[in-house]
Amino acid sequence: KPLTLLKTAQVIGLPPRPLNCSVFCEGELSRQDQKPSGLSSRQASKKPVKQQEGKMVHVVEGETHPGHKNNVGADGSYTRQPTVFRNVIQPGGEFEPESGRYRLYVSAACGWSHRVMLMRAVMKLEEVIPMTIVHPKRHDDQGWHFQQDVNPDGTLVEGADPGFPECGPDPELGATYLHQIYTTADPNYTGNVTVPVLFDTKTKRIVSNESEVIMRNLNEAFRGLSIAQPSMYPAELQSQIDETNDLVYAGLSNRVYRAGFAKTQELYEAECKKVFDTLDVLEKRLDTSRYLCGPAVSEADLRLFVTLARFDAVYYGHFKCNIRRIAWYPNLSNYLRDVYQLPGIRDTVYLKQYVTHYYWSHESLNPKRRIPKGGLPNLELPHNRTRFEQRGVALLGASDSALHSSGAVRGEFVRPDSKHRNWISAAGNSEFPVEAGRYHLYIANNCPWCHRVILGRAMLGLQDAISMDVLRYRRDPERGWVFDETVEGCGPDTAAGGIKAIRDLYEREGSTEKSVPVLFDKKLQKIVNNESSEILRMMETEFGALSKNKIELYPGALQGEIDQLNAWVYQEINNGAYKAGFSSTQEAYEKAYDVFFNAIDKLEFILKDRPFLTGSKVTEADVRLFPTIIRFDHCYYTRFWLNKKMVRECPHLQSWLERMWTLNGVAEGTNLTHVKAGYFGRTGNNVVPLGPDLGPDWGFAEGAADALVLQ
C-alpha cells in the first residue's frame with residue numbers, strides 16, 4: 001500500500017514547510033530614478049540606493065537598502081525569509097470583497113507570483129481584480145520595477161523594447177519601483193521587497209505579500225462577484241492538500257533554490273538529491289491519479305505546476321538540478337501538459353520571462369548574464385492523462401589551428417594558434433624519430449583536445465610506447481594547468497624533472513603558451529608538439545610499428561573525406577560549442593548556437609544510414625568528434641547554454657555514441673568525473689552538478705553505462 005504523502009515526506013527527510021514565500025533573486029540593469037505621481041515627496045525624492053551587484057533590495061524603517069535581508073545560514077544553506085503582510089479579505093472585515101478595489105502586483109517569471117496568477121485565472125477573477133506585471137529584469141540597485149514605455153491604451157511607445165509587452169506601468173500610484181508600493185502602504189516598513197503583492201487601492205495598504213494567503217483569499221472571498229467556480233481548497237480535501245503542499249514546497253519548490261544557492265558542494269549535493277527524491281515520489285503518485293489529490297484539479301496542482309513549468313528551462317541548468325529533466329518522467333511530463341492545457345492556464349505562462357529573469361538576475365550563478373536561447377518545453381504537445389477518465393551536409397576542407405573563423409561578430413570566441421609544431425617521423429630522417437618510451441604526453445582529462453589524443457593512444461594500443469601524466473582538471477589562477485597528487489586520477493610530473501605546472505615547461509623554451517596537450521621528448525627534454533590534431537595524426541601514421549591494436553584510423557582511400565569532415569566538425573561542432581559557451585555578447589552566442597544545432601542536424605542526417613561518419617569502420621573523424629558529443633548532455637547543454645536538445649534526443653547520433661563507447665580503448669580513455677569537475681568547478685558558485693542520470697536508455701553493452709557515469 002503506498003505511503004501517504006506525509007509519511008513519504010518524513011521518509012525522505014523533508015523539514016516542515018516554513019510560512020514564507022519570498023523570492024530570493026539577484027541583479028538587474030540600473031535606470032534613472034523618476035519622480036512618480038501619487039507618491040509622497042519623501043518617496044519620490046529618495047536617492048537611488050548604492051549599487052550592490054547581484055542582490056535585491058530591502059527596506060528598513062522606510063529607507064531602501066541594497067541586498068536581500070540575510071538568508072544564508074552559518075552552514076552556507078539558503079533560508080527563505082518570512083513575509084510580513086498576511087491580512088484576510090472577508091465580508092464585514094477590515095478588507096471587504098469589492099470588485100475593482102484590489103490590485104495584484106506580480107512577476108510573471110516568479111513561481112510564487114505565478115501560483116497567485118493561476119488562482120486568479122481558474123476562479124475567473126480577471127475583471128474583478130486587475131493585475132500589473134513587473135519587468136523580469138530587475139534593477140541592481142532598486143529591485144523590481146515597472147515597464148515605463150507603455151501608452152495609456154496599453155501599446156508600446158515608439159522605440160520601446162517589445163520583448164515583454166505583458167509588462168506595464170503602475171496605474172495606481174505611478175510608481176517606478178515596487179519598493180515605493182511598500183513604503184506607501186507603510187512609511188516605516190522593514191523587510192524584503194517581494195512579489196506577489198495584493199494592494200488595496202482604496203486604503204493604499206498592502207493586504208498581503210504572502211502567496212499562500214493571497215491564493216486562499218482569491219479562492220473564497222470573491223465568490224459573489226464572479227462566475228461561480230469549484231473551490232480549489234474544498235473542505236473534504238484540505239488535509240490531503242495541506243500534506244501535498246508541504247511535500248511540494250519543502251521537497252521541490254523551495255528545495256531547487258536551496259540547491260541553486262548552496263555555498264558548498266556538500267550542501268548542493270544533499271539538496272539536489274532531495275529534489276529528485278521528491279520528483280520520484282510525485283511521479284509514482286501520478287501513475288494512479290490524474291491530479292495530485294484525485295480526479296479534479298486542486299490548489300496543490302497549481303502549486304506544483306509553477307515549479308514543473310520552470311524546471312527544464314531554468315532549474316535544470318541554472319540551479320544545476322540536472323540529474324533528470326521533467327521531460328524524462330512519463331507521468332510528470334504528461335501531467336505538466338495536461339494542467340497547462342486546462343482553460344485559463346496557458347494565458348498565465350510566459351516561458352521567455354522565466355529564462356530571462358533567472359539567468360539575468362542571478363549574477364553569482366551566471367556572471368556573464370548569458371540568456372540561453374533554447375531549452376523551453378513544448379507544452380502544446382498532446383498528453384495521455386485522459387486515460388484516467390477511461391478507467392473510472394555540405395562539408396569544408398587541415399589542422400584545427402588553421403581553421404579559425406572569418407567574419408567574426410563582436411564578442412566571438414577565437415581559439416589561439418598552437419606554436420610548437422614539430423613532427424615525429426617513422427622514416428628516421430627527423431630530429432624526432434619514432435622510439436618506444438622516448439615520448440611523453442601531458443594531458444588534462446577534462447580538456448576535449450586532450451581527450452582526442454588520449455583516445456588515439458588507447459585505441460591504437462600505444463600506452464607502453466608513449467607514457468603520460470595527468471594534470472589537475474581545474475586550472476590554477478596563477479599557474480594554469482598544474483600537477484596535483486592529492487586529486488584522484490592525477491599525479492606528479494614524471495618526465496621533465498618534477499615541474500609543478502605545464503607553464504614551467506613552456507617557460508624553459510622561452511614560450512608564453514600554456515595549453516595542453518603537450519607531446520614531450522624525454523631524451524632531448526624538448527616540446528615536440530602541442531597541436532592535438534597533429535599529435536593524433538602522428539600516432540596513427542608514424543607509430544604503427546609500436547601499436548598493439550592494428551586498426552586504421554586514417555586509411556588512404558578515405559583521407560580526403562576524413563579531412564573534410566574534420567574541418568567541418570572542428571569549425572561548427574568542436575570549436576563551435578566553445579564559440580557559444582565563451583562568447584562575450586548575446587549576438588555572438590546566438591550566432592554560434594544556430595550554427596551548432598544546424599551542424600548537429602547534419603550529423604543526424606549523415607549517421608542515419610551508416611554506423612560511423614565515413615561508413616562501416618571507425619576513423620579519425622569519429623575520434624575527433626567523440627569528445628564533444630560525450631560531453632554534450634553532461635556539460636555543454638547547461639554550461640555552454642546549448643539547450644535546444646540533447647544528444648539522447650537525436651536517435652542516430654545517440655546510437656553512434658553508444659557504438660563508439662563499446663570500442664576498445666574508448667571507455668578506458670574517458671573520465672567524466674574529471675570532465676564535469678573541470679567544466680563546472682571553476683565558474684559561478686563552483687558547484688559540480690550531480691546529473692544528468694542517463695540511465696538504462698543509453699543501451700551500452702553490459703556495465704558500460706555505469707562505467708560512463710562513474711569512471
Side-chain angles (χ1 to χ4, degrees), residues 264-266 268-269 272 317-318 320 322-323 365-368 370 400 413 415-416 441-455 457-458 468-493 500-503 513-518 530 532 535 573-583 624-642 647 666-692 694 707-711:
T264 68
Q265 182 74 30
E266 293 75 18
Y268 155 74
E269 292 191 5
C272 188
H318 189 56
K320 299 180 181 176
N322 71 339
I323 293 178
L365 304 183
N366 185 26
K368 290 185 178 181
R370 184 77 66 255
D400 290 348
F413 168 75
R415 187 173 300 283
L441 274 173
Y442 291 106
I443 63 91
N445 280 316
N446 57 304
C447 168
W449 320 107
C450 289
H451 193 186
R452 57 167 69 168
V453 171
I454 302 167
L455 290 172
R457 175 176 176 264
M468 187 173 76
D469 285 336
V470 179
L471 293 112
R472 191 175 68 192
Y473 43 76
R474 293 179 185 170
R475 279 171 280 181
D476 181 85
E478 300 296 328
R479 301 301 296 165
W481 299 107
V482 297
F483 299 92
D484 190 344
E485 300 174 63
T486 67
V487 176
E488 185 176 356
C490 302
D493 165 47
K500 301 301 181 184
I502 205 66
R503 185 175 291 183
E513 289 189 81
K514 52 188 178 183
S515 65
V516 286
V518 172
N530 66 341
S532 63
I535 297 172
I573 299 176
N574 294 348
N575 199 48
Y578 275 74
K579 286 183 178 181
F582 289 97
S583 57
R624 288 173 57 159
L625 175 62
F626 181 83
T628 294
I629 302 305
I630 196 67
R631 282 162 174 74
F632 189 83
D633 288 5
H634 291 272
C635 299
Y636 297 168
Y637 181 89
T638 52
R639 177 66 178 84
F640 287 172
W641 302 282
L642 289 167
V647 169
V666 174
E668 173 191 341
T670 303
N671 188 322
L672 279 178
T673 299
H674 282 201
V675 167
K676 290 175 63 176
Y679 277 91
F680 289 100
R682 62 186 189 94
T683 185
N685 60 358
N686 298 327
V687 164
V688 179
L690 292 174
L694 298 178
L708 174 66
V709 174
L710 299 175
Q711 184 174 347

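Note that the structure is a prediction, hence the values are computed from the model and not measured. Reckoned from all heavy atoms, side chains included, excluding hydrogens, waters and symmetry mates.
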Taking N671's backbone N and O only, do any of them form a donor-acceptor pair with H451's side chain (distance below 3.5 Å, no angle check)? no
Name all residues meeting the side chain to side chain donor-acceptor pair (under 3.5 Å) criterion together with N446; count only those two or more places apart in sequence or in a different chain, and write none if there are none. none
Shortest non-hydrogen contact between T628 and I573, atoms and distance: CG2-CG2, 3.8 Å
Going by heavy atoms in the side chains, are H674 and C490 under 4.5 Å from each other? yes
Side chains of I443 and V470: does their closest heavy-atom pair fall under 4.5 Å? yes
Which atom pair, heavy atoms only, marks the closest approach of I535 to P517? CD1-CG, 4.1 Å
Side chain to side chain contact (heavy atoms under 4.5 Å, CB included) for R479 and K500? Distances and angles first, verdict last. CA-CA 9 Å; R479 301 301 296 165; K500 301 301 181 184; over 6 Å; no
Would you say the side chain of T673 lies within less than 4.5 Å of the side chain of Y473, judging by non-hydrogen atoms? no
Nearest-0.5 Å distance that lies between atom CG in L642 and atom CG in D633: 11.5 Å
With a 3.5 Å distance limit and no angle check, can you tell me whether R474 reaches the backbone of A677 through a side-chain donor-acceptor pair? yes
Might you point out which heavy atoms bring C272 and I323 nearest each other, and give the distance in Å? SG-CD1, 4.2 Å
Between NZ of K676 and CZ of R639, what distance do you get to the nearest 0.5 Å? 14.0 Å
Can you check whether P627's main-chain N or O pairs, donor with acceptor, with R631's side chain at less than 3.5 Å? yes
Ring centres under 6.0 Å, that's the criterion: do Y636 and Y679 meet it? yes
Residues two or more places apart in sequence or in another chain: which of them pass side chain to side chain donor-acceptor pair (under 3.5 Å) with Y637? none
Any heavy-atom pair between the side chains of W641 and N366 that's under 4.5 Å? yes
Evaluate side chain to side chain contact (heavy atoms under 4.5 Å, CB included) for N575 paired with W449, printing each intermediate quantity in order. CA-CA 10 Å; N575 199 48; W449 320 107; 4.3 Å; yes
Taking the side chain as everything from C-beta on, heavy atoms only, tell me whether R370 gets closer than 4.5 Å to S583. yes
Reported CG-to-CG distance for the pair D476 and L471, which is rounded to 0.5 angstrom: 11.5 Å
Test side chain to side chain contact (heavy atoms under 4.5 Å, CB included) on F680 and C635 and set out the steps. CA-CA 8 Å; F680 289 100; C635 299; 4.0 Å; yes
Got a second to check how far L441's CG is from S532's OG, nearest 0.5 Å? 11.0 Å
Would you check if V675 and H634 make a side-chain contact, meaning some heavy-atom pair closer than 4.5 Å? no
With a cut-off of 6.0 Å (strictly less than), are more than 12 heavy atoms of other residues, nucleotides or ligands near NZ of K514? no
For Y268 versus L690, what's the shortest heavy-atom pair and its separation? OH-N, 2.8 Å
Any side-chain heavy atom of P448 within less than 4.5 Å of one from N574? no
With sequence neighbours excluded, tell me which residues meet side chain to side chain donor-acceptor pair (under 3.5 Å) with D484. R472, T486
Side-chain heavy-atom pair T670, L455 within 4.5 angstrom cut-off: yes
Please confirm whether the backbone N or O of V688 pairs with a side-chain atom of Q265, one donor and one acceptor, at under 3.5 Å? yes
Kindly compute the distance separating CE (M468) from SG (C450), expressed to the nearest 0.5 Å. 9.5 Å
